[in-house]
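Just so it is clear: chains get the letters A, B, ... in the order the sequence lines come, proteins before strands, and each one is counted from 1.
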Amino acid sequence: GNSVTQMEGPVTLSEEAFLTINCTYTATGYPSLFWYVQYPGEGLQLLLKATKADDKGSNKGFEATYRKETTSFHLEKGSVQVSDSAVYFCALPGTNSGYALNFGKGTSLLVTP
Amino acid sequence: DAGVIQSPRHEVTEMGQEVTLRCKPISGHDYLFWYRQTMMRGLELLIYFNNNVPIDDSGMPEDRFSAKMPNASFSTLKIQPSEPRDSAVYFCASSLWGGPQPLEQYFGPGTRLTVT
């Protein structure tokens, strides 16, 4: 089946620093790719997605580009805020015929003032 | 819409007791997913339903776990008997059908289960 590998955390940054969280995938074909975010004490929520190769997903200042050459979907933000402190999950369909997603292990981000 | 609703939000029980977790998906959604989250194992898919029919239950840890979806607006996850290693946060999520590629999953707030 399809899978993703995320960089290990935790990641600690100062406010206004540049963020990159690496995600690489293994898949048959070109399935949709997702980034979810989990704030403390809450469920996951969709941050952004890309449905085909070379697409860029963006939301709330975060961006990720679906790169088939490097099988990557890295999450970036130019200037993080304290409120971005959360756990970030990369995800993709477990198989190309199913509706369940396989999630990465999550990367914890802490932004300090 | 109120989003995905889960109850209870917190459950503390003793080993050997039966535990029932409840979920109300977003109205009109076609898919319902049950996940378990722990520090050690991360987020694991337990089972998912399409139009109330279980599609994949390969993630259910063992026979002590069972899930039902008697109608489009309600699902339960039952653990009987419960064990301390079942302690985790259990999430329910739902989504619409969007063709060959999955659409966004909407997660509930989770149920934090502690088995002593």
Side-chain angles (χ1 to χ4, degrees), chain A residues 1-10 23 25 27-53 55 57-60 64 66 73 86-108, chain B residues 2-7 9-10 21 23-26 29-51 53-60 67 88-112:
Chain A
N2 301 333
S3 64
V4 291
T5 302
Q6 279 184 248
M7 62 184 284
E8 297 269 339
C23 171
Y25 67 88
T28 303
Y30 303 105
S32 295
L33 301 175
F34 303 83
W35 276 102
Y36 280 78
V37 59
Q38 184 179 29
Y39 298 103
E42 298 183 9
L44 281 70
Q45 56 186 273
L46 180 68
L47 180 60
L48 56 82
K49 71 176 184 181
T51 57
K52 59 183 186 294
D55 259 5
S58 61
N59 186 27
K60 299 181 181 179
Y66 192 155
F73 192 55
V87 181
Y88 293 81
F89 295 86
C90 188
L92 82 174
T95 67
N96 287 354
S97 59
Y99 247 62
L101 296 180
N102 278 352
F103 288 85
K105 293 187 181 299
T107 303
S108 176
Chain B
V4 176
I5 299 173
Q6 291 187 247
S7 64
R9 292 294 309 276
H10 302 273
L21 310 181
C23 175
K24 176 178 170 55
I26 293 173
H29 279 195
D30 309 283
Y31 287 85
L32 183 139
F33 306 84
W34 281 102
Y35 293 92
R36 176 172 69 175
Q37 186 178 40
T38 62
M39 289 293 293
M40 291 296 294
R41 300 174 68 90
L43 192 67
E44 304 173 276
L45 176 69
L46 300 177
I47 185 171
Y48 79 98
F49 297 83
N50 176 213
N51 293 328
V53 175
I55 301 301
D56 183 355
D57 66 353
S58 60
M60 296 286 263
V89 180
Y90 291 80
F91 289 104
C92 177
S94 68
S95 76
L96 289 166
W97 178 80
Q101 294 272 20
L103 296 182
E104 174 181 1
Q105 291 185 19
Y106 293 81
F107 281 72
T111 295
R112 181 173 296 277

CE-NZ distance between B:Met39 and A:Lys105, expressed to the nearest 0.5 angstrom = 12.0 Å
Centroid-centroid under 6.0 Å between B:Tyr35 and A:Phe103 rings = yes
Report the distance from atom CG of B:Leu96 to atom OH of A:Tyr99, rounding to the nearest 0.5 Å.
-> 8.5 Å
A:Ser32 and B:Gln101 have their tightest heavy-atom pair at N-OE1, 3.2 Å
Please test A:Gln38 against B:Leu43 for side-chain contact (heavy atoms from CB on, under 4.5 Å), starting from the C-alpha separation and ending with a verdict.
-> CA-CA 11 Å; A:Gln38 184 179 29; B:Leu43 192 67; over 6 Å; no
Measuring heavy-atom distances to chain A, does B:Gln37 have an atom under 4.5 Å in its side chain, in its backbone, in both, or in neither?
-> side chain
Say whether, by atom type as modelled, one donor and one acceptor occur between the side chain of A:Glu42 and the main chain of B:Pro109 under 3.5 angstrom.
-> no
A:Leu92 portion near chain B, given a 4.5 angstrom heavy-atom threshold = neither
Cut-off 3.5 Å, side chains only: do B:Glu104 and A:Gln45 have a donor facing an acceptor?
-> no
Which atoms of B:Ile55 come close to chain A, meaning under 4.5 Å heavy atom to heavy atom: side chain ones, backbone ones, both, or neither?
-> neither
Most heavy-atom pairs under 4.5 angstrom with chain B, which of A:Thr51, A:Leu44, A:Leu46, A:Asn102?
-> A:Leu44
A:Ala100, A:Gly106, A:Gly41, A:Ala91: which one forms the most heavy-atom pairs within less than 4.5 Å of chain B?
-> A:Ala100
Most heavy-atom pairs under 4.5 Å with chain A, out of B:Cys92, B:Gly108, B:Gly110, B:Gly98, belong to B:Gly98
Where does B:Tyr106 contact chain A at under 4.5 Å (heavy atoms): side chain, backbone, both or neither?
-> neither
